[in-house]
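Taking it in order: structure first as structure tokens, then the write-up.
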Amino acid sequence: MNNIIDRYRELTEADKTKVIISSAMAEARKIIPGGNVATYIPELGNVDPNQLGICLFPLTGEKICMGDYNKRFTIQSVSKVIALILALEVCGAKRVFEKTGAEPSGEAFNSLVELDRENSRPYNPLINSGAIAIASELVKEISFYDLLRFTRVICDDPEININEDVFKSEISTCSRNRAIAYLLESKGLITSDVDDTLNFYTKCCSMDVTAESLANLGRILANDGVFKETGDRIMTSSTARIVKTLMLTCGMYDGSGTFAIQVGIPAKSGVGGGLLAVSDKRAGIGVFGPALDEKGNSIAGINLLRNISNKLRLNLFYDPEWNEDE
Ligand code: GLU
């Protein structure tokens with residue numbers, strides 16, 4: 001026993017982090033059977049639910065990747081973070097927040113109930129209604145190809161493309177998003193062509209990324225919008241701050257509050273099983289685990305982040321007096 005403890009003490013910080021992540025992976029794998037892949041987009045129903053991968057990319061130190069970290073999957077709602085960054089940069093915060101609010105919704109990601117009230121707007125840009133309103137502004141300024149190129153840069157992943165099968169599957173079945181778009185149009189919150197807006201939005205969701213690409217993106221957000229190695233600023237400091245704040249308060253659908261208590265870092269999930277998390281000033285984290293809980297978040301991914309956040313003390317409100325197991 002002492003031998004094992006002595007050997008653990010001799011490990012480098014990076015090796016200790018690897019031990020923590022690998023044991024958290026083993027724990028998280030056990031709960032995969034409690035989740036299900038999304039099937040409302042028919043093509044996503046064909047994804048193997050047993051996959052799990054993570055990439056943690058610290059600002060200083062080596063990138064740690066495990067499991068299915070380089071498997072491609074569709075980014076889905078994590079693309080709302082990228083669209084929001086671009087909208088803030090291209091259209092400006094004033095225009096963005098004329099179209100959507102900045103409050104948690106407490107409703108399902110694809111809810112349209114709030115849109116039926118007089119003078120209401122989507123709660124925030126990280127749920128479907130808000131992201132569709134944002135897409136309708138972006139289509140006035142940029143092409144989808146501009147957004148794709150930006151995504152390749154910010155994710156440091158030139159291989160990102162559209163998964164055509166998932167795109168076709170979603171665009172031909174997206175009655176709910178279509179209903180949201182028409183409601184937004186009726187309220188004057190969409191002034192672009194509805195089909196163009198939905199095509200743009202759905203293409204954003206169909207980009208195929210890896211957990212590693214998401215970690216690269218998270219690392220730029222963790223570093224105040226600056227690419228560490230070159231010093232290139234990819235977005236303003238204000239954009240990085242707004243995006244991280246909205247991820248912390250609204251990024252995990254109607255599970256955002258519980259996630260904030262349990263994990264305590266900004267994150268955004270997607271129904272493809274992706275999770276983007278940001279440990280500010282420390283690391284970007286990408287996770288892929290397509291089995292989802294009832295709210296549409298990766299069931300194993302949340303468990304993994306919870307364990308890692310506890311063990312690596314990532315919670316923004318970390319207090320050394322806490323008992324980690326509480
Ligand atoms: N493309 C999906 C939709 O619009 C994204 C949902 C999500 O990942 O939350 O329903």
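As the structure is a computational prediction, the values presented were derived from the model and not from experiment.
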Quick one about [Y] and [X] (side-chain donor to acceptor, distance below 3.5 Å, no hydrogens or angles considered), yes or no?
X    : Y    : result
T60  : K228 : no
N161 : R152 : yes
S237 : D224 : yes
E114 : S105 : no
N303 : K30  : no
S206 : K203 : no
Q76  : T74  : yes
Y69  : K63  : no
N110 : Y40  : no
D15  : T12  : yes
N128 : N177 : yes

Distance (rounded to the nearest 0.5 Å) between [X] [atom1] and [Y] [atom2]:
X    : Y    : atom1 : atom2 : value
I308 : E27  : CD1   : CD    : 12.0 Å
S269 : L305 : OG    : CG    : 10.5 Å
S22  : M25  : OG    : CE    : 8.0 Å
T100 : L126 : OG1   : CG    : 8.5 Å
I242 : L84  : CD1   : CG    : 7.5 Å
I82  : M207 : CD1   : CE    : 4.5 Å

Main-chain N/O of [Y] paired with [X] side-chain donor or acceptor, under 3.5 Å:
X    : Y    : result
D68  : K71  : no
S79  : I75  : no
N124 : A102 : no
R72  : D208 : yes
T239 : M235 : no
S143 : D146 : yes
K244 : L221 : yes
S172 : S169 : yes
S77  : G270 : no
E137 : A87  : no

Counting C-beta onward and ignoring hydrogens, is there a side-chain heavy-atom pair between [X] and [Y] closer than 4.5 Å?
X    : Y    : value
I285 : V278 : no
L214 : L275 : no
N119 : K187 : no
L184 : P122 : yes
I85  : F150 : yes
L56  : P58  : yes
I142 : F200 : yes

Heavy-atom count around E141 CD within 6.0 Å, excluding the residue itself: above 12?
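Enclosed: over 12 neighbouring heavy atoms sit under 6.0 Å from CD of E141.
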
Taking atom CG of D48 as the centre, report whether more than 12 heavy atoms of other residues, nucleotides or ligands fall under 6.0 Å from it.
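Atom CG in D48 is crowded, with more than 12 foreign heavy atoms closer than 6.0 Å.
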
From CA spacing to verdict: side-chain hydrogen bond (donor to acceptor under 3.5 Å, both in side chains), K140, T191:
CA-CA 9 Å; K140 295 177 190 166; T191 50; 2.6 Å; yes

Heavy atoms only: give me the nearest [X]-[Y] pair and the separation to one decimal.
X    : Y    : result
L88  : A93  : CD2-CA, 3.7 Å
I190 : I132 : CD1-CG2, 3.8 Å
G35  : A291 : C-CB, 3.9 Å
C91  : L138 : SG-CD2, 4.5 Å
K80  : P125 : CB-O, 4.0 Å
S256 : G251 : OG-N, 3.6 Å

Checking R313 against Y318: charged group under 6.0 Å from the ring centre and within 45 degrees of the axis?
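The answer is no, since R313 fails at least one limit relative to Y318.
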
May I ask you to decide whether [X] forms a salt bridge with [Y], counting only side-chain N to carboxylate O separations under 4.0 Å?
X    : Y    : result
R178 : D195 : yes
D254 : K295 : yes
R219 : E229 : yes

Given the rule that I, L, V, M, F, W and Y join up when any side-chain heavy atoms are under 4.5 Å apart, are I31 and V37 in one cluster?
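Cluster IDs for I31 and V37 differ.
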
Taking the inter-plane angle between the rings of F73 and F288 on a 0 to 90° scale, is it parallel (under 30°), tilted (30 to 60°) or perpendicular (over 60°)?
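Judged by the thresholds at 30° and 60°, the geometry between F73 and F288 is parallel.
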
Stepwise salt bridge (Lys or Arg N to Asp or Glu O under 4.0 Å) test for E13 and K18:
CA-CA 9 Å; E13 277 314 303; K18 277 184 208 159; over 6 Å; no

